[in-house]
Colleague: 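Quick one: the structure is below, questions incoming.
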Amino acid sequence: MKPYQKFEAMAKEKMDSHLAGRSIEKNYRTYRPQKNFGDLSFDFQKSKVIPVASEISALSDQYVRFVPTGKFINVKFSDQEFSKSVLEDGMSGELFQFEKRRDKILIEHTSANPTGPLHIGRVRNSIIGDIFSRILRKYGYDVTTEYYVNDIGTQVEALLLGTELFGSENYTESYRKVYESFDSYKDKVEEYMVRAESGNPQFLKESKERLEVFLRDVLTDLEKLSIRFDFFIWESEFILDGSVRELILKLTPLLKDDNGAKYLESDQGKMYLLRSNGTSVYFTRDISHHLMKSSKYDKAIVVLGEDHKSYFKKIEFAMDILGVHNVDALFYSYISTKEGKMSTRRGNVVYVRDFIEEAIEGAKEEILKRRTDLSEEEVRDISNKIGTSAVRYNIIKYAPDKPVTFDLAEALNFEGDAAPFIMYSYARARSILSKLGKDSEVSWKFIEPESSLLKEISLFPVVVEDAVKHSRPDKIARYSYELAGAFNQFYRDCPVLDSGENLQKRVEIVRTFAKTMEELFQMLGVQASDTI
RNA sequence: GCCCGAGUGGGGUAGUUUGGAUUAUCCUAGAGGCCUGCGGAGCCUCAGACCUGGGUUCGAAUCCCAGCUCGGGCGCCA
């Protein structure tokens, strides 16, 4: 058991056996209170009987101290014992281990049509997906990530047609031309769709080859942010392997007809599966896609923008009919700019690659301001790490359901709650650790600034679990920031090197802090650097 | 119009699941302070906020109802 849980369990056990001995009904709730009230609170406000204060105080021992305050009974963990417990677990690595879980989880994210480079709105999907999958993996799940690539359907055929007509050098532009006067290209697009849908292998092969070139642009942007996928699945596969046909057959008894088009009726309205020309719609193929996920994984999570909320409700409706209950979505709100929703036509799109580049440039300037001793190559390497980490951090730090108005200048402000802050505190720690001499004895007596840092460290497993349970990757970012701040205070108050009998203990505290940060960096995809 | 989110100091944001404690978190911008330090991208102090109106409750930022504002959705698109 982790230190926090261990001490919590100790306190509860004492409380419960006391209540049982006095035949008092066990009617309290516990939670972690604001700092000044201690480490754990028993809230008896709903209870008719409140335990006698003097008897409660008497439950205290060397590990936990009970402080009755009216209808609350606060528990303060012993600084000495708790700090010792945290540091021991930190030194052994126990603190960072989670039990292995057998569940296989699939995370699908990004899945953008390759119609152009990624903009920061879309990349929120990638960053949330990537970080959440890293968190789940840390928590012990067997996690696989997937990019679902559309290679059939209206948008894709319009893209392919556009590049045939107007060239593929600027494929985004060519695609847009088709979309802008869609009516005049409608027939041709439809012809492509029918060909794709009929499972014409030659046509699909060519489509895929051409799309792969465009997809590379997206993947290059993601690669800069250290986002990779375990596998890609192409939409056409569900046509080719016959699963769409099977699906339709299975649902036939439930399907209604509208001039040859087929749909399901639900309280959400009509859900079309087949067009009157016989082709399937995206929704249909996505049902097959979800069935595949459902059969291969214990749980499948897809990261979706809020614009897909009602779409996903329909997927859930269909899954329900098919008896599937292990698919889930993680929604996030849009990123807009001060000029409003990002739109290529309005020219207010911020591309990730530009954002990354500016962040790296900004980092470089800051480094050059402070350091003159680094080689050109070191400067480049460090500014790369800071820049890309800053981009990831800046996007993950908000709760997913929070709409974000993106302000480049603000995002490039590296003061305060930003990646450089946490990277800097880590670099400070590493710098101390690089100057050590021989090991000595650890003294297990702690003073306040030490135990206060260790207390913050002890929250690591609590926070990870919280992030998993509530699908809140942003909590990892927030915790990293708080932990880094706690270290900065420790750093101010406690000299480590030349601290006499305190030396080895403080070294171990610093080491444990650094290890905790590394774990957090791994989840956030922040690139650790010993010098920044 | 209907459905789904979000509204917290000047700007941004946590807390809302599971209602509680004279003091609602943190960042930024503002005012002031620390500093030859094991790396100042730091630390400390001050000032500043729960959209409105009802309701439930001993008690509401948190729950319920209504309204307002902002996003999103309501395709034989993806």
Colleague: In whole angstrom, give the distance that lies between atom CG of A:Asp407 and atom P of B:A29.
Modeller: 13 Å
Colleague: Mind checking A:Asp530 for me? I need base, sugar-phosphate or nothing, with any heavy atom below 4.0 Å counting as a touch.
Modeller: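 Answer is base: heavy atoms of A:Asp530 come under 4.0 Å of a base.
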Colleague: Who is the Watson-Crick or G-U wobble partner of B:C74, with both distances under 3.5 Å?
Modeller: B:G1
Colleague: Please enumerate all protein N or O atoms sitting under 3.5 Å from an N or O of nucleotides 6-16 of chain B, with distances to 0.1 Å.
Modeller:
{"unit_1": "B:G7", "atom_1": "OP1", "unit_2": "A:Lys402", "atom_2": "NZ", "d": "3.4"}
{"unit_1": "B:U13", "atom_1": "O2'", "unit_2": "A:Arg478", "atom_2": "NH2", "d": "3.2"}
{"unit_1": "B:A14", "atom_1": "OP1", "unit_2": "A:Ala399", "atom_2": "N", "d": "3.2"}
{"unit_1": "B:A14", "atom_1": "OP2", "unit_2": "A:Lys402", "atom_2": "NZ", "d": "3.2"}
{"unit_1": "B:A14", "atom_1": "O4'", "unit_2": "A:Arg478", "atom_2": "NH2", "d": "3.0"}
{"unit_1": "B:G15", "atom_1": "OP1", "unit_2": "A:Arg472", "atom_2": "NH1", "d": "3.1"}
{"unit_1": "B:G15", "atom_1": "OP1", "unit_2": "A:Arg472", "atom_2": "NH2", "d": "3.2"}
{"unit_1": "B:G15", "atom_1": "OP1", "unit_2": "A:Lys475", "atom_2": "NZ", "d": "3.3"}

Colleague: With A:Phe487 as reference, evaluate A:Tyr426, A:Tyr424, A:Phe421, A:Phe513 under the ring pair (Phe, Tyr, Trp, His ring centres under 6.0 Å) test and give the passing residue.
Modeller: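 The option that passes is A:Phe513.
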Colleague: What is the distance, rounded to the nearest whole Å, between atom NZ of A:Lys71 and atom P of B:A21?
Modeller: 14 Å
Colleague: Counting neighbours of CZ on A:Arg371 that are heavy atoms of other residues, nucleotides or ligands and sit closer than 6.0 Å, is the number greater than 12?
Modeller: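 Yes, the 6.0 Å shell around CZ holds more than 12 heavy atoms from other groups.
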Colleague: List the steps, then state whether side chain to side chain donor-acceptor pair (under 3.5 Å) holds for A:Asn277 with A:Glu190.
Modeller: CA-CA 9 Å; A:Asn277 67 9; A:Glu190 196 174 319; 3.0 Å; yes
Colleague: Would you say a side-chain N or O of A:Arg370 is under 4.0 Å from OP1 or OP2 of B:A41?
Modeller: yes
Colleague: Between A:Glu365 and A:Lys369 (salt bridge meaning N to carboxylate O under 4.0 Å), is one present in this structure?
Modeller: no
Colleague: Should we count NZ of A:Lys364 as having more than 12 external heavy atoms under 6.0 Å?
Modeller: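 No - once you tally the heavy atoms of other residues, nucleotides and ligands closer than 6.0 Å, there are 12 at most.
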Colleague: Would you confirm whether A:Arg210, through its side chain, and A:Leu160, through its main-chain N or O, come within 3.5 Å as a donor-acceptor pair?
Modeller: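 Confirmed, A:Arg210 side chain pairs with A:Leu160 backbone.
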Colleague: For the atom pair CZ (A:Phe238) and CG (A:Leu291), what is the distance rounded to the nearest 0.5 Å?
Modeller: 9.0 Å
Colleague: Do A:Phe37 and the base of B:A21 stack face to face, with centres under 5.5 Å apart and an angle between planes under 30°?
Modeller: yes
Colleague: Using whole Å, report how far CZ of A:Arg511 lies from P of B:C38.
Modeller: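 Going from A:Arg511 (CZ) to B:C38 (P), I get 20 Å.
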Colleague: Does the A:Thr110 side chain pair with the main chain of A:Ala112, one donor and one acceptor, at a distance under 3.5 Å?
Modeller: no
Colleague: Indicate for each nucleotide in nucleotides 72-78 of chain B, in 5' to 3' sequence, whether protein heavy atoms under 4.0 Å reach the base (B), only the sugar-phosphate (S), or nothing (-).
Modeller: SS--BSB
Colleague: Check the distance between B:G39's C1' and A:Leu374's CG and give it to me in whole angstrom.
Modeller: 12 Å
Colleague: Take A:Ser41 and A:Asn74 through the test side chain to side chain donor-acceptor pair (under 3.5 Å) and record every step on the way to the result.
Modeller: CA-CA 4 Å; A:Ser41 287; A:Asn74 295 318; 2.6 Å; yes
Colleague: Spell out, as yes or no, whether a donor-acceptor pair under 3.5 Å connects the side chain of A:Lys314 to the backbone of A:Met271.
Modeller: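 Side chain of A:Lys314 to backbone of A:Met271, a donor-acceptor pair under 3.5 Å: no, none is there.
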Colleague: Take atom CZ of A:Phe490 and atom C1' of B:G42, then tell me their distance rounded to the nearest Å.
Modeller: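 Taking CZ of A:Phe490 and C1' of B:G42, I get 15 Å after rounding.
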Colleague: Need to verify one output field. Residue with the more 5' nearest nucleotide on RNA chain B, A:Ala484 or A:Leu497?
Modeller: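 Counting from the 5' end, the first nearest nucleotide belongs to A:Leu497.
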Colleague: Determine the interatomic distance between P on B:A6 and the same-named atom on B:G33; round to the nearest Å.
Modeller: 43 Å
Colleague: Write down the distance separating the C1' atoms in B:A24 and B:G15, rounded off to the nearest Å.
Modeller: 8 Å
Colleague: From the list B:G5, B:A21, B:U28, which nucleotide is the closest neighbour of the side chain of A:Glu415?
Modeller: B:U28
Colleague: Quick one: A:Phe72 CZ to B:C58 C1', roughly how many Å, whole number?
Modeller: 13 Å
Colleague: Could you write nucleotides 30-37 of chain B as a row of B, S and -, 5' to 3', where a protein heavy atom under 4.0 Å of any base atom gives B, of only sugar-phosphate atoms gives S, and otherwise -?
Modeller: --------
Colleague: On a whole-Å scale, what distance lies between the P atoms belonging to B:A49 and B:A61?
Modeller: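 It works out to 15 Å between them.
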Colleague: Expressed in whole Å, how much space separates the P atoms belonging to B:A29 and B:U69?
Modeller: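 It comes out at 34 Å once rounded to the nearest Å.
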Colleague: Decide, yes or no, whether a salt bridge links A:Glu306 with A:Lys309 under the criterion of side-chain N to carboxylate O below 4.0 Å.
Modeller: no
Colleague: Using a heavy-atom cut-off of under 4.0 Å over every strand shown, decide if A:Asn74 touches base, sugar-phosphate, or nothing.
Modeller: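 The residue A:Asn74 makes base contact.
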Colleague: Which whole number of Å gives the distance between the P atom of B:C34 and that of B:G59?
Modeller: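 Their P atoms lie roughly 49 Å apart.
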Colleague: If you measure from the C1' atom in B:A47 to the same atom in B:C2, how many Å do you get, rounded?
Modeller: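 Looking at atom C1' only, B:A47 and B:C2 are 46 Å apart.
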Colleague: Pick the P atom in B:G11 and in B:C50, then give their distance to the nearest Å.
Modeller: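 Looking at atom P only, B:G11 and B:C50 are 12 Å apart.
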Colleague: Can you measure A:Gln45 atom CD to B:C58 atom C1' for me and round it to whole angstrom units?
Modeller: 10 Å
Colleague: Round to a whole Å and report the spacing from OH of A:Tyr31 to C1' of B:G19.
Modeller: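 Taking atom C1' of B:G19 as the reference, OH of A:Tyr31 is at 11 Å.
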Colleague: With rounding to the closest Å, how many angstrom separate the P atoms on B:G53 and B:G9?
Modeller: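 About 15 Å, rounded to a whole number of Å.
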Colleague: Would one find more than 12 heavy atoms of other residues, nucleotides or ligands at under 6.0 Å from atom CG of A:Asp373?
Modeller: yes
Colleague: Return the pairing partner of B:C58 with a 3.5 Å limit on both distances, Watson-Crick or G-U wobble; otherwise return none.
Modeller: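 Matched B:C58 with B:G20 under the 3.5 Å cut-off.
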Colleague: Below 4.0 angstrom from OP1 or OP2 of B:G19, is there any side-chain N or O of A:Arg29?
Modeller: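 Answer is no, no contact under 4.0 Å.
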Colleague: Under 4.0 angstrom, heavy atoms only, what part of the nucleic acid is A:Leu273 near: base, sugar-phosphate, or nothing?
Modeller: nothing
Colleague: Please determine if a side-chain N or O atom of A:Gln489 lies less than 4.0 Å away from the OP1 or OP2 oxygen of B:C44.
Modeller: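 A:Gln489 to B:C44 OP1/OP2: side-chain N or O found under 4.0 Å.
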Colleague: Keeping the roles fixed (side chain from A:Ser276, backbone from A:Ala261), state whether a donor-acceptor pair exists under 3.5 Å.
Modeller: no
Colleague: Could you check whether A:Arg124 makes a cation-pi contact with A:Tyr332, meaning its NZ or CZ is under 6.0 Å from the centre of the six-membered ring and within 45° of the ring axis?
Modeller: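 The answer is no; the distance or angle limit is not met.
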Colleague: With sugar-phosphate meaning primed atoms plus P, OP1 and OP2, does A:Asp43 contact a base, only sugar-phosphate, or nothing at under 4.0 Å between heavy atoms?
Modeller: base
Colleague: Can you find an N or O donor on one side and an acceptor on the other, under 3.5 Å apart, linking the side chain of A:Ser425 with the base of B:A41?
Modeller: no
